[in-house]
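To keep things clear, I will list the structure first and then write my remarks on it.
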2 protein chains.
Amino acid sequence: MADLAKVAGVSKITISRALSDSPLVQRETRERLQALAHELGYKLNVSARNLRLRRSHTVAVIVEMKPSHDRTMLDPYPLILLGGISQELTAHGYSVLLTTRQGATAAAVQAADGLILLGQGSRQDAVRRFDKLGLPMVVWGAPGDEHIVVGSDNEQGGRVVAEHFIRLGRRNPVFVGNPNHPEIFERLNGFVAALAKHGVKPLLIRRDEFTLASGGDAMHSLMDRGVPFDAVFACSDLLAMGAIRALNTLGCTVPGDVSVVGYDDMPLAASFLPPLSSVRQDWQEGGTLLARKVLALIGDQPQQSETLPVELIVRET
Amino acid sequence: MADLAKVAGVSKITISRALSDSPLVQRETRERLQALAHELGYKLNVSARNLRLRRSHTVAVIVEMKPSHDRTMLDPYPLILLGGISQELTAHGYSVLLTTRQGATAAAVQAADGLILLGQGSRQDAVRRFDKLGLPMVVWGAPGDEHIVVGSDNEQGGRVVAEHFIRLGRRNPVFVGNPNHPEIFERLNGFVAALAKHGVKPLLIRRDEFTLASGGDAMHSLMDRGVPFDAVFACSDLLAMGAIRALNTLGCTVPGDVSVVGYDDMPLAASFLPPLSSVRQDWQEGGTLLARKVLALIGDQPQQSETLPVELIVRET
DNA sequence: GCAGCAAATGTTATCGATATCTTGATATCG
DNA sequence: CGATATCAAGATATCGATAACATTTGCTGC
């Protein structure tokens with residue numbers, strides 16, 4: 001900028017003003033300087049500006065990201081939220097600093113103007129760690145009173161599936177998933193509560209992995225134990241698909257003998273054989289909302305937690 | 001830091017040295033100052049350091065990311081590469097600045113120490129735009145001579161599928177995909193060349209979308225035209241799955257009448273019915289390599305393009 | 001006892017941009 | 001015509017860290 005100023009025969013500050021379209025500089029001068037800057041290939045030094053302005057126009061997104069081949073694809077939801085987040089932040093001139101939990105100690109995170117936590121980052125211990133940074137922060141997941149949380153309505157998710165099963169006349173439903181995970185716990189809650197209204201008590205099969213294998217395995221162990229069941233609510237589409245395959249192998253028909261509903265409505269659900277019924281969350285909207293809230297917080301506008309509705313897509317299972 | 005210095009009764013620079021574990025400061029002093037800094041909750045100002053050191057310890061990853069519900073999931077590969085990239089960069093104290101092409105004009109990108117381009121960013125016009133920034137840059141995709149490219153061996157991918165078809169005695173293979181895309185063009189090349197050695201000439205069905213619908217559609221149009229074919233090489237697993245479904249509907253059996261091979265070996269491929277044969281790329285490794293090369297370039301070590309081998313997973317289609 | 005040197009710490013300048021306060025020139029008005 | 005308002009541009013200080021150079025202190029060896 002100093003060089004530019006010398007070439008143009010003005011002072012640094014005039015250059016600064018001209019480049020930021022300040023009305024303090026005469027239009028002609030401004031345009032001349034802008035043209036000159038462009039011509040000389042001048043690049044603003046962001047670090048210097050950040051230092052001076054005491055803000056980085058950057059939001060750190062902290063993701064729980066396991067590197068294994070399946071995991072990344074099987075559990076891609078944090079990454080999908082990224083789409084909405086990135087779009088919204090970019091539109092407001094902010095950048096996304098992507099970090100895993102391990103990397104979050106890196107200095108760069110402290111430079112961020114705000115924080116978005118995705119994935120199991122919602123685990124309380126993890127969240128508190130970032131709390132200490134004192135940055136505007138929004139968390140994806142199940143609502144609690146400690147933080148500003150955006151998430152889809154997992155309780156509603158459980159409820160609509162329960163009602164669906166009741167409507168179908170199912171009396172022995174099974175829930176497959178990991179209730180230690182707060183979001184899944186909410187689904188279970190909604191499921192159990194809605195069923196209770198009809199005097200039905202579901203069976204809980206705890207599975208920690210969100211894999212096809214795990215879903216199949218759950219069905220096998222159910223059959224082995226000889227427990228009667230006529231409906232399965234799986235906490236992810238993959239669990240559901242694995243379950244259906246296993247049920248077929250075991251001689252059960254879906255949806256004849258057993259109804260199955262998955263979660264997330266991944267694109268493949270629709271073309272699974274048979275087409276899978278599933279609960280759909282609006283990730284794009286979730287991401288957008290997360291971003292919007294951090295930006296608002298950064299702008300000192302108080303925010304509240306918010307829950308997004310889900311939708312049961314009834315197909316053939 | 002100045003405050004800390006005052007409290008500790010030393011000068012700023014001593015604080016700076018102590019906190020960066022410089023041996024210029026006596027061990028006792030160093031430890032005392034570190035403890036004090038921790039106690040007072042001192043946070044390094046990254047912008048200031050970046051300014052002074054003229055580097056940001058940040059690598060910008062520019063992704064072609066479409067926001068639609070399907071797209072993100074259907075075409076998640078840029079996001080998967082992110083896993084490897086992020087892991088490797090983090091391990092070396094670097095951060096990942098995630099940007100879409102639109103957002104790449106944002107100032108923050110210029111502050112990065114290096115650039116990684118993913119997705120269709122490999123389109124020449126886009127790549128050149130970033131070239132001008134003069135930053136160390138590595139591109140994912142098909143090798144060209146202009147840039148340093150990391151990618152999987154798409155030609156080999158085409159070749160192994162061709163050989164597989166020949167081995168099965170197929171004489172009328174079809175290629176489904178968008179050859180405008182450089183990576184897919186390479187697959188086509190390898191496919192055609194390997195088939196030619198056996199006197200076989202494949203049919204090309206151009207499809208731009210990587211969706212189930214598109215795959216089905218391709219099969220329908222083939223049948224309508226009455227073209228005989230006995231093998232399909234689809235450029236993505238989704239295309240392949242769509243094709244198989246359509247073939248079944250049209251009264252063809254897979255793999256009886258028609259062999260089908262997909263690409264990417266997504267986790268679901270294995271549990272598709274019938275289990276899908278597919279070409280697998282090692283995304284994790286690809287990401288790691290991308291990151292490693294940018295880091296090397298940043299460290300002024302010259303680098304070359306590199307191609308990763310792929311593997312044909314033969315299942316039942 | 002003092003040159004000479006090493007170890008530990010301090011001083012000053014600097015990275016590149018911008019906020020605040022001035023200054024000088026022109027316009028406006030009674 | 002002089003006083004004040006208005007506008008354009010400059011001077012200086014500052015953001016928070018660190019590199020380069022400077023200084024102090026304590027010690028060795030002759």
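Residue numbering restarts at 1 for every chain, and letters A, B, ... go by the order of the sequence lines. Keep in mind that this is a model prediction, so the values were computed, not measured.
Fit an axis to the five pairs at each end of the helix from dG1(C)-dC30(D) to dG30(C)-dC1(D) and the two axes sit 50° apart, to the nearest 10 degrees.
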Can you name the atoms? Protein N/O to nucleotides 13-15 of chain D N/O, anything below 3.5 Å, with the distance.
from    : atom 1 : to     : atom 2 : distance (Å)
dT14(D) : O2     : R52(A) : NH1    : 2.9
dC15(D) : O3'    : R54(A) : NH2    : 3.2

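Each side chain to side chain donor-acceptor pair (under 3.5 Å) pair with one or both residues in residues 12-37 of chain B, not counting sequence neighbours, appears once here: S11(B)-T14(B), D21(B)-Q34(B). Sorted pairs that involve residues 43-53 of chain B and meet salt bridge (charged side-chain N to carboxylate O under 4.0 Å, His left out), not counting sequence neighbours, are lacking altogether. The list of salt bridge (charged side-chain N to carboxylate O under 4.0 Å, His left out) pairs with a residue in residues 291-305 of chain A, not counting sequence neighbours, reads E88(A)-R292(A), K293(A)-E306(A).
Less than 4.0 Å separates DNA chain C from at least one heavy atom of each of the following residues of residues 16-33 of chain A: S16(A), R17(A).
Taking atom NE2 of residue H57(B) and atom C1' of nucleotide dA17(D), one finds them 14 Å apart after rounding to whole Å. Computed from coordinates, the M1(B) CE to dT18(D) P distance equals 5 Å when rounded to whole Å.
For I13(A), the side-chain atoms get nearest to dA19(C) when compared with the rest of dA19(C), dA17(C), dT18(D).
Backbone-only contact: V10(B) has heavy atoms under 4.0 Å from sugar-phosphate atoms and none from a base.
Between atom CG of residue N50(A) and atom CG of residue N50(B) there is a gap of 8.5 Å, rounded to the nearest 0.5 Å.
Proximity of Y42(B) to the phosphate of dG16(D): no side-chain N or O atom is located under 4.0 Å from OP1 or OP2.
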